**Student:** 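Provided herewith is a single structure, encoded as structure tokens, for subsequent inquiry.
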Amino acid sequence: MTLTFYNTLTRRKQPFEPLEPGKVAMYCCGVTVYDYCHLGHARSYIVWDTVRRYLMWLGYQVRYIQNFTDIDDKILNRANAEGSTMTEVAERNIAAYFEDMRRLNVLDAVEYPRATEHIDEIQQIIKTLIELDYAYPAGGDVYYRVQRFPSYGKLSGRQLDQMQAGASGRVDASDPESSRKQHPFDFALWKAAKPGEPAWESPWGPGRPGWHIECSAMIRARLGDTIDIHTGGGDLVFPHHENEIAQSEAATRKPLANYWLHNGMVNVGGEKMSKSLGNFTTIRQLLNAPNAPHPMALRLFVLQAHYRKPIDFTAEAMASAEQSWETLKDGLLFGYKFGNVLGWTDTADASFGQPDSMRIPDESEAVQKFRTAMDDDINTPAALAVLFELAKDLRREGNILTHEGKTTTDSQLLREQWQTLVVLAQVLGLETQPETETPISGLSEAEIEAKINQRREAKAAKNFAEADRIREELKGQGVILVDKPGGITEWHRG
RNA sequence: GGCGGCAUAGCCAAGUGGUAAGGCAGAGGUCUGCAAAACCUCCAUUCCCGUGUUCGAAUCACGGUGCCGCCUCCA
């Protein structure tokens, strides 16, 4: 089995071969921190987190870097609108980013470089590009000369003469910037500061970096000239990633990244969720709402589709994911709930339930199927099918244990199944712990037994209304009654 | 206009030449005073349409239809 990725650059699936055996240099385009993250961001970072987790599980040492774009028109606009500063807006949204992502169990990157921390490196690349004639200063700005880079368009599969400048309807021909460009697709590496804007000194006058150059500079500074994997949303392929390639490869004469991976969009009613369309739901809106789904249900919702396909966000799909999460959760909690009954000796250990401490048989069918699925361009829907089969099996065993008090299935086999589920789920970032605050009923066992006796008498007297009342009363206190054949009533805390 | 993607059950979604995974929802049964829970069973002769290639196609080719993304804000 070999791990393969669909590489946007080559438009086909390719076996993954890192530059250095056992190590992976991975860069993920982060957010521009002018607002809260929405579900589109959630999908992107959940997906790349999952790729990273899988690589780690395979034994790679993954150096995962993700940036924050903390200088940008939108941040400036936001700061002006609320009468604060660019730094304040950025800091607030960076803090919110971490809050949201950690709830979704997205692992922290190794480093989070910011554009404003790399002004020197940015200027260095711009200088080099000017020296090599790939860039030209114009009126305090510096532009990249796209026609100078023969393979411009290789990532997005387009050619300059076939592109329609301004097709997106966002280019204003009267914008003075476009008159300074030698070609409509030339893009800004450095932008002259307008009065009152934050600015850095440069050989071209005070200003700030353009959007694309920061990634080129940060990758070079933190990971090197060529990295293994570069990821981001599909909407970044053009122009952002195309421009990154043009900048970096012109300056270094080396490939920027060997594998380019892009995730599909989150849609609403068939249309892309985006700020400009106003059809977005922020992560915190969703997760903080009354009757909000569990964050893991959102993660599951994302992973139930292949990462390259668009997914439609609907209330129905989310509700389905919530139910699915309940199923998975039952399986994941199996060991905590039934380990003692099954005679496992380590349930009190601190390491109990920790995926890192579990040794699962690599040759088991479940693990093999999981790996086959994940090796095939991170096929998480197929991988999840493996988890559900394990979880449903465990849930059934757990129900039998609850209702019968014993099972005919071998305890060690159940332990192996449970550990396999916990480990594989963790690779997908799906994790849960038993509730710490158990809603323990204030009733003692004797009191419960007394109630059950009352109910038995009511039933014997055919007073079913009273019998049902007692059953409801106990249910309200977290005690579930199960009537068995022969007039026996068993109970357990729900 | 250019480039790219998608179409599989009520909903979501794998599968890309060998006879339709999985989830959600649903149905029937056992049990029960009833209900709930639990357990058992069932749930696409068919993969947008047409033509073709093949012993064999959801999978390949050609031609349609519909939807979506990108073409300098974007995850």
Side-chain angles (χ1 to χ4, degrees), chain A residues 8 11 28-32 34 37-48 72-74 146 153 156-159 161-171 177-178 181 184-188 210-212 231-240 242-243 262-267 270-277 300-301 304-306 308-312 314 316-328 369 373 376 379-389 391-392 396 399-400 402-404 459 462-464 467-468 471-472 475 480-485 492 494:
Chain A
T8 306
R11 294 178 186 278
C28 177
C29 273
V31 279
T32 300
Y34 72 103
C37 287
H38 59 61
L39 300 178
H41 300 106
R43 180 186 197 188
S44 192
Y45 301 121
I46 285 171
V47 160
W48 306 128
D72 169 89
D73 282 342
K74 287 180 172 166
V146 290
S156 52
R158 22 190 121 199
Q159 292 176 306
D161 52 18
Q162 286 177 174
M163 284 195 281
Q164 207 172 80
S168 65
R170 264 179 271 114
V171 178
E177 191 179 296
S178 53
K181 291 180 184 176
F185 285 97
D186 286 355
F187 56 90
W211 175 35
H212 317 294
T231 69
D235 51 358
L236 298 183
V237 174
F238 189 89
H240 186 54
E242 195 71 63
N243 291 352
H262 295 96
N263 64 276
M265 300 294 100
V266 173
N267 292 165
E271 278 189 320
K272 178 181 165 183
M273 177 179 287
S274 71
K275 287 282 166 61
S276 44
L277 285 171
L300 192 54
F301 168 74
Q304 272 184 319
H306 183 85
R308 281 192 282 116
K309 286 196 173 180
I311 49 175
D312 221 50
T314 61
E316 193 185 9
M318 199 60 236
S320 169
E322 285 182 66
Q323 287 306 115
S324 301
W325 169 242
E326 288 300 319
T327 298
L328 217 46
K369 279 172 79 176
D376 182 16
N379 188 341
T380 54
L384 279 171
V386 176
L387 302 201
F388 277 106
E389 279 170 15
K392 284 210 149 181
R396 200 185 74 251
N399 286 329
I400 290 170
T402 299
H403 290 270
E404 313 293 333
K459 280 173 72 175
K462 304 279 186 201
N463 186 355
F464 297 121
D468 290 348
R471 186 168 58 196
E472 280 305 305
K475 189 181 174 186
I480 307 293
L481 300 190
V482 182
D483 289 336
K484 312 287 286 189
H492 62 267

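These figures come from a predicted structure and were not determined experimentally. Note on naming: letters A, B, ... go to the chains in the order of the sequence lines (proteins, then strands), and numbering restarts at 1 for each one.
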**Student:** In the strands shown, is B/A44 matched to any nucleotide by a Watson-Crick or G-U wobble pair with both distances under 3.5 Å, and which?
**Tutor:**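 Check on B/A44: unpaired, no WC or wobble geometry under 3.5 Å.
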**Student:** Rounding to an integer number of angstrom, what distance separates B/U65 and B/G26 when you compare their C1' atoms?
**Tutor:**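 So the two C1' atoms sit 32 Å from each other.
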**Student:** OP1 or OP2 of B/C74 less than 4.0 angstrom from a side-chain nitrogen or oxygen of A/W211, does that happen here?
**Tutor:**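 Checking B/C74 against A/W211, a side-chain N or O does come within under 4.0 Å of OP1 or OP2.
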**Student:** P atom, B/C24 versus B/A20: distance in rounded Å?
**Tutor:**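 Approximately 23 Å lies between the P atom of B/C24 and that of B/A20.
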**Student:** Have a look at A/K181 and say if it touches a base, only the backbone sugar-phosphate, or nothing, with a 4.0 Å heavy-atom cut-off.
**Tutor:**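 Base, at least one base heavy atom under 4.0 Å.
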**Student:** Using the P atoms only, state how far B/A61 lies from B/U16, rounded to an integer number of Å.
**Tutor:**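 It comes out at 15 Å once rounded to the nearest Å.
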**Student:** Does the base of B/G33 carry an N or O that pairs as donor and acceptor with the side chain of A/D468 under 3.5 Å?
**Tutor:**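 Looking at the base of B/G33, it does pair with a donor or acceptor on the side chain of A/D468 (distance under 3.5 Å).
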**Student:** Give A/Y45 one of three labels, base, sugar-phosphate or nothing, depending on what nucleic acid heavy atoms sit under 4.0 Å from its own.
**Tutor:**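 If one applies the 4.0 Å heavy-atom cut-off, A/Y45 turns out to touch the sugar-phosphate alone, with no base involved.
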**Student:** If you measure from the P atom in B/C47 to the same atom in B/A9, how many Å do you get, rounded?
**Tutor:**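 These two P atoms come out 10 Å apart once rounded.
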**Student:** Give a yes/no answer on whether the side chain of A/K462 brings an N or O atom under 4.0 Å of OP1 or OP2 in B/C34.
**Tutor:**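 No, because none of the side-chain N or O atoms of A/K462 sits under 4.0 Å from OP1 or OP2 of B/C34.
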**Student:** Using a cut-off of less than 4.0 Å, is there contact between a side-chain N or O of A/H41 and OP1 or OP2 of B/A75?
**Tutor:**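 A/H41 to B/A75 OP1/OP2: side-chain N or O found under 4.0 Å.
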**Student:** Whether A/Q323 contacts B/A25 is assessed here as follows: a side-chain N or O lying under 4.0 Å from the phosphate OP1 or OP2. Is that the case?
**Tutor:**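 Yes, because at least one side-chain N or O of A/Q323 sits under 4.0 Å from OP1 or OP2 of B/A25.
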**Student:** Are the side chains of A/S324 and A/F388 in touch, meaning some heavy atoms are under 4.5 Å apart?
**Tutor:**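 Side-chain contact under 4.5 Å: yes.
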**Student:** Do A/K369 and A/E389 have side-chain heavy atoms sitting under 4.5 Å apart?
**Tutor:**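 The answer is yes; the side chains approach within 4.5 Å.
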**Student:** Which one is paired to B/A38, where only Watson-Crick or G-U wobble pairs with both distances under 3.5 angstrom count?
**Tutor:**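 Matched B/A38 with B/U30 under the 3.5 Å cut-off.
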**Student:** Scan every strand shown for a Watson-Crick or G-U wobble partner of B/C67, both distances under 3.5 Å, and answer none if you come up empty.
**Tutor:**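 The answer is B/G5, by the H-bond criterion.
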**Student:** Does A/R396 make a side-chain N or O approach to OP1 or OP2 of B/C40 shorter than 4.0 Å?
**Tutor:**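 So the side-chain polar atoms of A/R396 do come within 4.0 Å of the phosphate oxygens OP1 or OP2 of B/C40, strictly under.
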**Student:** Considering only atom P, compute the distance from B/U45 to B/A38 and round it to an integer number of Å.
**Tutor:**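 B/U45 and B/A38 have their P atoms separated by 30 Å.
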**Student:** Without decimals, in angstroms, what is the distance between A/D376 CG and B/G22 P?
**Tutor:**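 So the two atoms are 18 Å apart, to the nearest Å.
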**Student:** For A/F238, which contact category applies under a 4.0 Å heavy-atom criterion: base, sugar-phosphate, or nothing?
**Tutor:**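 The answer is sugar-phosphate, as A/F238 gets under 4.0 Å only of primed atoms, P, OP1 or OP2.
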**Student:** Looking at B/G2, B/A75, B/G23, which one has an atom nearest to any side-chain atom of A/T327?
**Tutor:**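 Ranking B/G2, B/A75, B/G23 by closest atom to the A/T327 side chain puts B/G23 first.
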**Student:** For the side chain of A/Q162, counting heavy atoms from C-beta on, which of B/G2, B/A75, B/C24 is nearest?
**Tutor:**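 Nucleotide nearest to A/Q162's side chain: B/G2.
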**Student:** With rounding to whole Å, what would you report as the distance between B/A21 and B/U54 at their P atoms?
**Tutor:**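 The same atom, P, in both gives a distance of 29 Å.
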**Student:** Can you tell me the distance, in whole Å, between the CD atom of A/E472 and the C1' atom of B/C34?
**Tutor:**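 From A/E472 CD to B/C34 C1': 13 Å.
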**Student:** Considering every strand and a 4.0 Å limit on heavy-atom distances, what is the contact class for A/A305: base, sugar-phosphate, or nothing?
**Tutor:**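 Sugar-phosphate, no base atom in range.
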**Student:** Heavy atoms only, 4.0 Å cut-off, all strands: where does A/G153 land among base, sugar-phosphate and nothing?
**Tutor:**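 Answer is nothing: A/G153 stays at 4.0 Å or more from every strand.
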**Student:** Any donor-acceptor pair under 3.5 Å between the side chain of A/R471 and the base of B/A35?
**Tutor:**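 Present.
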**Student:** Using a 4.0 Å heavy-atom cut-off, does A/V47 contact any base of the nucleic acid, only the sugar-phosphate backbone, or nothing at all?
**Tutor:**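 No contact.
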**Student:** To the nearest Å, give me how far apart NE2 (A/H306) and C1' (B/C6) are.
**Tutor:**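 Value for this atom pair: 13 Å.
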**Student:** What integer distance in Å separates A/D312:CG from B/A7:P?
**Tutor:**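 A/D312 atom CG is separated from B/A7 atom P by 14 Å.
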**Student:** Can you tell me the distance, in whole Å, between the CG atom of A/L328 and the C1' atom of B/G22?
**Tutor:**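 After rounding, the reported distance stands at 12 Å.
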**Student:** When you measure from the side-chain N and O atoms of A/K459 to the phosphate of B/A35, is any distance below 4.0 Å, counting only OP1 and OP2?
**Tutor:**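 No, A/K459 has no side-chain N/O under 4.0 Å of OP1/OP2 on B/A35.
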**Student:** Any salt bridge linking A/E242 with A/R158? Criterion: basic side-chain nitrogen under 4.0 Å from a carboxylate oxygen.
**Tutor:**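 Result for this pair is no, no salt bridge flagged.
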**Student:** Which is true for A/F464 with a 4.0 Å heavy-atom rule: it touches a base, it touches only sugar-phosphate, or it touches nothing?
**Tutor:**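 Base, at least one base atom sits under 4.0 Å.
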**Student:** Suppose we screen for side chain to side chain donor-acceptor pair (under 3.5 Å). Which residues come up paired with A/S320, at least two apart in sequence or across chains?
**Tutor:**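 Scan of A/S320 (side chain to side chain donor-acceptor pair (under 3.5 Å), adjacent residues dropped) gives none.
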**Student:** Have a look at A/E389 and say if it touches a base, only the backbone sugar-phosphate, or nothing, with a 4.0 Å heavy-atom cut-off.
**Tutor:**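 Since only primed, P, OP1 and OP2 atoms lie under 4.0 Å of A/E389, the category is sugar-phosphate.
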**Student:** Does OP1 or OP2 of B/A14 have a side-chain N or O of A/K309 closer than 4.0 Å?
**Tutor:**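 For A/K309, the contact criterion (side-chain N or O under 4.0 Å from OP1 or OP2 of B/A14) is met.
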**Student:** What does B/C60 pair with, Watson-Crick or G-U, if both distances are under 3.5 Å?
**Tutor:**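 Base-paired to B/G52.
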**Student:** What's the gap between B/A75 and B/G23 when it is taken at their P atoms, as a whole Å value?
**Tutor:**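 B/A75 and B/G23 have their P atoms separated by 35 Å.
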**Student:** Separation of A/R308 atom CZ from B/C6 atom C1', in whole Å?
**Tutor:**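 My rounded result for the distance is 12 Å.
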**Student:** Is any side-chain N or O of A/N399 closer than 4.0 Å to OP1 or OP2 of B/C39?
**Tutor:**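 True: A/N399 side-chain N/O within range (under 4.0 Å) of B/C39 OP1/OP2.
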**Student:** Establish, with yes or no, whether the OP1 or OP2 oxygen of B/C71 is under 4.0 angstrom from a side-chain nitrogen or oxygen of A/S156.
**Tutor:**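 For B/C71, neither OP1 nor OP2 has a side-chain N or O of A/S156 closer than 4.0 Å.
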**Student:** Are any protein N/O atoms closer than 3.5 Å to N/O atoms in nucleotides 64-69 of chain B? If there are, list each pair with its distance.
**Tutor:**
unit_1, atom_1, unit_2, atom_2, d
B/C68, O3', A/G270, O, 3.4

**Student:** Counting side-chain heavy atoms from C-beta on, which of B/G33, B/G23, B/A75 comes nearest to A/S320?
**Tutor:**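 From the listed options, B/G23 comes nearest.
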**Student:** Identify whether any heavy atom of A/T402 sits under 4.0 Å from a base atom; if not, whether one sits that close to sugar-phosphate; answer base, sugar-phosphate or nothing.
**Tutor:**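 Touches nothing.
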**Student:** For B/A21, which nucleotide in any strand shown is its Watson-Crick or wobble partner with both distances under 3.5 Å?
**Tutor:**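 Pair assignment: B/A21 / none.
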**Student:** Assign A/K74 to base, sugar-phosphate, or nothing according to its heavy-atom contacts below 4.0 angstrom with the strands shown.
**Tutor:**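 Here A/K74 touches the bases of the nucleic acid.
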**Student:** Determine the Euclidean distance between corresponding C1' atoms of B/G28 and B/G64; express it in Å to zero decimal places.
**Tutor:**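 These two C1' atoms come out 43 Å apart once rounded.
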